[in-house]
Amino acid sequence: MKTDIFLYNSLTRQKEKFVPMSEGKVGIYVCGPTVYNHSHIGHGKSYVSFDAIVRFFRFVGYKVFYVQNITDVGHLTDNADEGDDKIEKEARKDRVDPMEIVETFMRSYFEDMDRLGVVRPDISPRATGHIVEQIELAKALVTAGYAYEAGGNVYFDVAKFPEYGRLSGKKVDDLIAGARIDVRSEKHNPADFAIWKKAEAGHIMRWPSPWGDGFPGWHLECSAMSMKYLGQTFDIHGGGLDNQFPHHECEIAQSEAATGKPFVRYWLHNNMVTVNGTKMSKSLGNFVTLKDAFARFDPTTIRFFILQSHYRSPLDYSNGAVEGAGKGLERLKNVIRQLKELGADPMAETDFDRLPEEPVNLRRYYSEWLGAMADDFNTPAAIAVLFEMLKDVNTLIGSGAPMPAGGATLLYGFIRTLAGDVLGIIPSEAGGGAGRKDIEMDLVNLLIKMRADARKGRDFKLADSIRTELQNIGVILEDKKDGTTTYKVEK
RNA sequence: GGCGACGUACCCAAGUGGUAAGGGAGAGGUCUGCAAAACCUUUAUGCGGCGGUUCGAAUCCGCCCGUCGCCUCCA
């Protein structure tokens, strides 16, 4: 391992040194989306954050097994016990099969994540694909006396699990005191939550079970699937802070009651996104979808914006803030472009064990970057280190001093690895002159040549006209010091 | 009402006991036919307010003010 990693464990409310269960390996489960709508900027923050975390673990040398579920049944509109199934509700509205809704939005989700540069999980298990496992878990809980059946529903008996509330810092008594009027008298205790729901007549998504036709409760899937793929006890469970209670609390209760073993060793929770200062939520209807954001900003800019604040800090989304981030990112991209022009070999591997201190002190910058990331994945601090390094690189390039042999390649590889491979904030076509191909590229180059001729003849009126007209269709020309002109395509 | 976070320059945002990172914007400069872009320099004696602990606090403690979140679906 390149370094020890310290992370903030929600369970103990303090930073702890990460010690894996199995040397060199780490198992991570992150709560995935319920696929009944397009993903919003909050999903973006959550999955980009965990993507950076996973990438960093891999960079440091861990073999990571990353599981992230897709919720395609059981998530109700009101809470774990009441309301319609979110997916089934959408399906009714559109008069389609629920699985069509699932398919549509699951694809939409992956499409958005791909654009954000989120590396796909190793497994994306779906709740409907694990009904058997969920029924088995429910049966085990009933058998062990932790759950009971009532009218075709199965509830977890919170009173039997004294640890309930530990993760979120809540007391069952307080919950009961603050609970809404309990209309379901069949529950032993108002705080009990459903692990299996009876399917009423007309309910589309249903499966046979020992308690009659029904469907699994939302919390149950994460227990069943995480333990199936990662074991009864595993290293890291992540998710949004809003799921800490009740979702994760319920997962712990179900899992530990069933196995008698600790469920998760480190809990990681990312903070929420607000929009112009207020919370974004589906019920308020003020959420910004990622597709909305992409219509305005480059996905890499969104990713950069997200990683410029800490995953445990709230993030306020506003056009101005993202624009500012985008301009900062341009500097990074520009350096990449310049290093390419200086002949950097993009394929060369970087040896991080043998970094030079001259002419840029890469050894020091690497050490600082690594320290920031290892300290609870402090991506904003890590990015700041990269920008400090950028200043040195720019000074070096601007000084006109000869670049040492392999210098451009080394600097390029350094940035490429830390900013690109780990943080994912360098788009794959970074710094390339062209954003379009073939004939369009040739046409632009033709116009550039015509403009160069006009300038040579001091016909600045024509030259400026060409520049302006190109700008009007989104092609920005930039005259270089050596007399050449490059262009970039505006998003 | 219960629980928990947070409040750092014009904006965004690191920093959890040793004397304020980074980005944007602004200002000055280099370059340029001009422009754009790029690059360089610069911008908080102070970290919501008032007390306290300490040789020393943005960092710890107390109170107050303000914002946000969870307690009901949400990443």
Side-chain angles (χ1 to χ4, degrees), chain A residues 13 15 30-34 37 39-50 75-84 86 165 168-171 173-175 177-180 218 238-247 269-274 277-284 287 304-305 308-316 318 320-332 334-335 337-338 368 372 375 378-388 390-391 393-395 397-399 455 458-461 463-464 467-468 471 476-481 483 486-488:
Chain A
R13 292 169 225 281
K15 273 186 199 171
V30 173
C31 287
T34 301
N37 208 335
S39 303
H40 53 66
I41 194 76
H43 294 104
K45 173 171 164 73
S46 185
Y47 300 121
V48 163
S49 297
F50 285 109
H75 198 165
L76 306 187
T77 50
D78 294 339
N79 59 43
D81 305 336
E82 303 291 335
D84 298 328
K86 292 179 181 219
S168 53
K170 298 189 184 305
K171 297 185 182 73
D173 289 346
D174 293 342
L175 291 171
R180 296 160 302 143
W218 173 42
L241 197 54
D242 52 347
N243 273 337
Q244 188 174 47
F245 185 90
H247 187 56
H269 288 99
N270 66 276
N271 217 314
M272 302 290 98
V273 172
T274 53
T278 44
K279 192 207 172 189
M280 179 171 60
S281 78
K282 286 170 186 173
S283 55
L284 289 177
F287 59 91
F304 180 72
F305 172 68
Q308 250 195 329
S309 81
H310 190 83
Y311 79 93
R312 283 195 290 114
S313 298
L315 177 67
D316 189 46
S318 66
V322 181
E323 275 163 22
K327 286 178 185 171
L329 184 57
E330 282 295 320
R331 294 185 59 201
L332 179 63
N334 185 59
V335 169
R337 180 169 57 182
Q338 286 189 282
E368 289 179 1
D375 181 14
N378 193 335
T379 54
I383 288 170
V385 171
L386 292 177
F387 273 99
E388 282 186 66
L390 246 42
K391 192 178 287 185
V393 175
N394 283 324
T395 302
I397 292 172
S399 72
R455 291 175 74 200
R458 303 197 67 80
D459 184 354
F460 296 122
K461 194 178 170 189
D464 289 352
R467 184 172 64 200
T468 305
Q471 188 174 359
I476 313 295
L477 299 190
E478 292 175 6
D479 294 334
K480 309 292 284 188
K481 274 184 187 172
T486 61
Y487 74 94
K488 63 184 178 183

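From a predicted model like this one, the values you see are computed outputs, not experimental measurements. A, B, ... follow the sequence lines: proteins, then strands. Residue 1 opens every chain.
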Validation row: Q338(A), N394(A) side chains within 4.5 angstrom (heavy atoms): yes
Side-chain N,O (S313(A)) to OP1/OP2 (rA14(B)) below 4.0 Å: yes
Atom-pair distance (CG on D316(A); P on rA5(B)), nearest Å: 21 Å
Contact nearer the 5' end of RNA chain B, comparing K461(A) with I41(A): K461(A)
Where protein sits on nucleotides 37-44 of chain B, one letter per nucleotide: B base, S sugar-phosphate only, - none, heavy atoms under 4.0 Å: SSSSS---
Aromatic plane relationship, H40(A) with F287(A) - under 30° parallel, 30 to 60° tilted, over 60° perpendicular: tilted
Expected output: side-chain S46(A) to main-chain G42(A) donor-acceptor under 3.5 Å: no
Residues S313(A), N271(A); criterion side-chain hydrogen bond (donor to acceptor under 3.5 Å, both in side chains); working and verdict: CA-CA 5 Å; S313(A) 298; N271(A) 217 314; over 6 Å; no
F460(A) ring over rG33(B) six-membered base ring, under 5.5 Å and 30°: yes
N378(A) side-chain N/O to rG15(B) phosphate OP1/OP2 under 4.0 Å: yes
Donor-acceptor pair present, R467(A) side chain and rC34(B) base, under 3.5 Å: yes
Residue whose nearest RNA chain B nucleotide is more 5′ - G324(A) or Y311(A): Y311(A)
Donor-acceptor pair (no angle test) under 3.5 Å: D375(A) side chain, rG15(B) base: no
Touch class at under 4.0 angstrom, heavy-atom based, for V30(A) against every strand present: nothing
